[in-house]
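Numbered from 1 within each chain, the chains take letters A, B, ... in sequence-line order. These numbers come from the heavy atoms of this one structure, side chains and all, not from hydrogens, waters or symmetry mates.
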Amino acid sequence: MTNNWIDEENARATNLAKTGETTNKNAPRLIKNVKITTPARKIRSIYIQDLHGKAFDKLTFEQKMIKGKKAPELMEEAIELLLKKYNELPNG
Amino acid sequence: MKQIKIISIWNPKGGQGKSMLAINLAAAAFELGLKPLVVCQDPQGTSILYFKAGNLPFEVMSCVPNNRPDADIVIFDHQASDWEVPTNYLLVMPLKPARDQYATYIDAYSRAELLGKKIITIVTDGQEHRACENETIKYLKEKNAFIIPSSGVFSRASSEYLTIFDPKMNKAYKIKERRMEINKILAAILIEHK
């Protein structure tokens, strides 16, 4: 007998999930105030060859077009790969 | 850079055991030698209250940290009434086995399932001697849910803001069983990967 109500609830929930609504769609919904924070970053200047600079600019442009990672994140990714290669761990 | 396991304890229904699971899973992880971090996302701040009482061997933060935390496992303790499916892959959904509790759980579960989330279900506070609850527990067990029966261990621990892994709880009745149940859930979480 109990399984009947489980089947009923499962069917109701499946239909509801398809619409994206809650059982009481008129009730006020919790709105999250999500603060998107980025990690603290500082400007670091390094000397690199022009061909590397241009290739990096091209990569960041392409990533920007597909809404991928931005320049600081790409640079951090590159440094992480480098640190991994030389078995160094970033502190903090 | 070490991998951080991220899990969300989520169920829009209140009182299902989200905070209880968050702090006890973190305590189980600590016992295993891991570094857990609990991020309390609930204005009620139940996990925060446990932390402030000073008995936890791990940190509970009140919001998402700005920088990558030094942790092996980050547990998000979501608030009740939160209908937004968490963005991470692995969700832990506690529920009590009564029909009205199940109704909210299955609504939320269906939403998360549509988004391709991996969901670990935990039946909490179940009383198997009650026929109607027993049927639900059996049904969910068949669906690979974990079961934490109703037990005085949790209320005893909460009276002093302790986890059940605290040494002060060592002599509590059936403490080994309760710890084993939490450890099993943690094991399932740790072996799960996308």
Next on the checklist: B:V60 vs B:L37, test: side-chain contact (heavy atoms from CB on, under 4.5 Å). Steps then yes/no.
Outcome noted: CA-CA 6 Å; B:V60 178; B:L37 169 67; over 6 Å; no
Measuring heavy-atom distances to chain A, does B:L114 have an atom under 4.5 Å in its side chain, in its backbone, in both, or in neither?
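The side chain, not the backbone.
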Structural part of B:P97 lying under 4.5 Å from a heavy atom of chain A: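 Contact with chain A: backbone only.
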Q) Looking at B:E84, B:Q41, B:R99, B:R111, which has the largest count of heavy-atom pairs under 4.5 Å with chain A? A)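 So the answer, after comparing B:E84, B:Q41, B:R99, B:R111, is B:R99.
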Given side chains that start at C-beta, do those of B:M93 and B:I122 come closer than 4.5 Å, heavy atoms only?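 The answer is no, as the side chains (C-beta and beyond) never meet within the 4.5 Å cut-off.
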inquiry  = Under a plain distance cut-off of 3.5 Å, with no hydrogens placed, do B:Q79 and B:Q44 share a side-chain donor-acceptor pair?
reply    =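 No pair is found: no donor N or O on one side chain lies under 3.5 Å from an acceptor on the other.
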Practice prompt. Show the numbers, then the answer: is there a ring pair (Phe, Tyr, Trp, His ring centres under 6.0 Å) between B:W10 and B:F76?
Written response: CA-CA 8 Å; B:W10 178 65; B:F76 285 88; over 10 Å; no
Notebook entry, point to check: Contact part of A:E88 toward chain B, heavy-atom cut-off under 4.5 Å: side chain, backbone, both or neither?
Noted result: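 The answer is neither part of A:E88.
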